[in-house]
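The figures that follow rest on heavy atoms only: side chains count, while hydrogens, waters and symmetry mates do not. Lettering follows sequence order; numbering is per chain, from 1.
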Amino acid sequence: MKAFTQLDGLVCPIDRANVDTDAIIPKQFLKSIKRSGFGPYLFDEWRYTDHGEPGMDCSKRPLKKDFVLNQSRYKGAQILLARDNFGCGSSREHAPWAIEDYGFQVVIAPSFADIFFGNCYKNGILPIVASAAIVDQLFRECAAQKGYRLRVDLETQTVRNPAGEWFEFDITPHRKHCLLNGLDEIALTLQYADEIRAFEARHKAAQPWLFA
Amino acid sequence: MAGKTLYDKLWESHVVREEADGTCLLYIDRHLMHEVTSPQAFEGMRLAGRKPWRNTSIVANPDHNTPTDHWDEGIKDSISRLQVETLDANIKDFGALVYFPFKHANQGIIHVIGPEQGTTLPGMTVVCGDSHTSTHGAFGALAHGIGTSEVEHVLATQTLVAKRSKRMLIKVEGKLGAGVTAKDIALAIIGRIGTAGGTGHAIEFGGAAIRDLSMEGRMTLCNMAIEGGARAGVVAPDAKTVEYLQGRPYAPKGADWDKAVAYWETLKSDADAVFDTVIELDAARIEPQVTWGTSPEQVLPIGGRVPNPADEADPQKRGGIERALQYMGLAADTPLADIKLDKVFIGSCTNSRIEDLRAAAAVAKGRKKAANVQQVLVVPGSGIVKRQAEAEGLDKVFIAAGFEWREPGCSMCLAMNADRLEPGERCASTSNRNFEGRQGAGGRTHLVSPAMAAAAAIAGHFVDIRKF
Ligand code: SF4
């Protein structure tokens, strides 16, 4: 997993509440055997006029011009600005995979669905909960200014707008440590590799048949 | 201090480290894999440049996407074929203790294969990216399903980050009546506790009626622990367990065997162990069960009638019954025995072992399927089950009765291959889930035991196997 420390990124707004995982990545893409390559299908039904299927070449598909991801001003965005209960629905990890694969590293919303929120950290995405008032302000500023960017600093847990105003966000020390150091849960567990090895040796001595 | 439950003993013997909040790093002995939930985990390993911690813990086999007929024609659906070929390639790259590719003589449903090969043993921790991993608890193993990130975590670290469950004891005392099986116990339990009844718990099944069950029966029961909301179900190993395992290809041998058996004998709950929840059932009062709705808890004894929503005071539950009846195309108060069937499915990791096929064949012998039943699929759980059944002539009994004798796999349990229900079709099924669309979009599933399924195929409608 890539480490996350700071980001000065372009902001893309998705102005609706209860964006569910089926909207983020429709169920037909679950048949895929990959965890990468979902970026072109992110928000597939909102983004294209035709029906998407895994493996399609999206560069030739007809676009819904109004959808934010298709507007040139949001090209290359790395921060997704969203409304309440973002990521609700199924537990599929394909949703954060798609968001990450598209290039987003941060999602800011007033609230997130539980499982999605946890899955973000497992996949190197920083989900930031901000008050409804702040999110409102960000949406307004983003609509008013082309090329609107935010500066996210994980060390100080702050988000700063172009005017220099800033707000603080919460994150558990454990999750912060993992993101700052690019440690996924596996990397974290592997820090205890010696303990696992020692356990394994004892276990094998007691029940050698388990290792036959 | 109170004694320990079997679950606690299994848990504690696998804790590598424990955090202050009770989160544990749990060592995993056996990692089962199939083609559907493993590809992203292997890809994640590749992307991170990681190697499996202990690839000899892996037992793998494609089962969900494999066809059950015309094996000579291969897998026609290209997405299914790709998933199966991807598993082949991943196992080739990463290694495994046991791998049975598509068409291998021993291939079958992963939860049938593991015990059959002796790769599931008492005292083990067993995981798989599949909720019916609970099946392996029948051997006194701590076994449960995991998600894709966890599959990768186990591949890379041989451990799982987990917290201890609460303990539930389900005690079934007394003797089962004739014609009543482990499947009926499982359904009766779910009918009693509900599909959320075991949430947050690991269930231990105990009591005389459980000890009387064969290993096949115990697997059927533990298989459906997940339908009762519990991730794991467990039965203490005993002489039957030992007898089942002796001589299996991957069971311990020689001095190891004796040592193993001595250890396995300690794997039981202490007499003074305390459970968070205890449920008691009288085996003698359990009747053959039939589900009528779209959740395994919507189940009744065969003598019952389809519930009437008007009799339900709780508006939430009333709505649930109404929705289920509408989906199932059933009128309230219809006797279950009057429900006519279009198809019958005998198979799945719940009921596709040799004992299940024997029970179905005993009913089908010398009889013919009813004219209104279009198709009866009999799908053995593995190549070994298939050959055993053929050696006993069961295939001939089924074919003579107008049933179809198929190649092993998950088949119509979840309809990922070509075996499926058409919209509106009604099926008596020995599988474990009757959710909307589970056996094909719009399909209507009634869960029953193998004998009840075979009897329904012959009669064309549900019948009480005790009077058949
Ligand atoms: S038989 Fe059904 S429940 Fe069992 S593993 Fe296959 S699909 Fe899952």
Note to self: Would you say NZ of A:K64 has more than 12 non-hydrogen atoms from neighbouring residues, nucleotides or ligands within 6.0 angstrom?
What the structure shows: yes

Next item on the list: For the pair A:W209 and B:W264, name the ring-plane relationship: parallel under 30°, tilted 30 to 60°, perpendicular over 60°.
Entry: perpendicular

Next item on the list: Please state whether the rings of B:Y27 and A:F199 are parallel, tilted or perpendicular, taking 30° and 60° as the class boundaries.
Entry: tilted

Identify which part of [X] has an atom lying under 4.5 Å from any heavy atom of chain A, answering side chain, backbone, both or neither.
X	value
B:T157	both
B:A251	neither
B:E35	neither
B:Q83	both
B:D256	both
B:T119	neither
B:W53	side chain
B:A156	both
B:V15	backbone
B:L155	neither

Measuring heavy-atom distances to chain B, does [X] have an atom under 4.5 Å in its side chain, in its backbone, in both, or in neither?
X	value
A:K122	side chain
A:A206	backbone
A:D184	side chain

Check: Would you say the side chains of A:E185 and B:S149 form a donor-acceptor pair under 3.5 Å?
Finding: no

Supply the atom-to-atom distance [X] [atom1] to [Y] [atom2], rounded to the nearest 0.5 angstrom.
X	Y	atom1	atom2	value
B:L121	A:L210	CG	CG	6.5 Å
B:H153	A:T189	NE2	OG1	2.5 Å
B:E43	A:R35	CD	CZ	7.0 Å
A:E200	B:R54	CD	CZ	5.5 Å

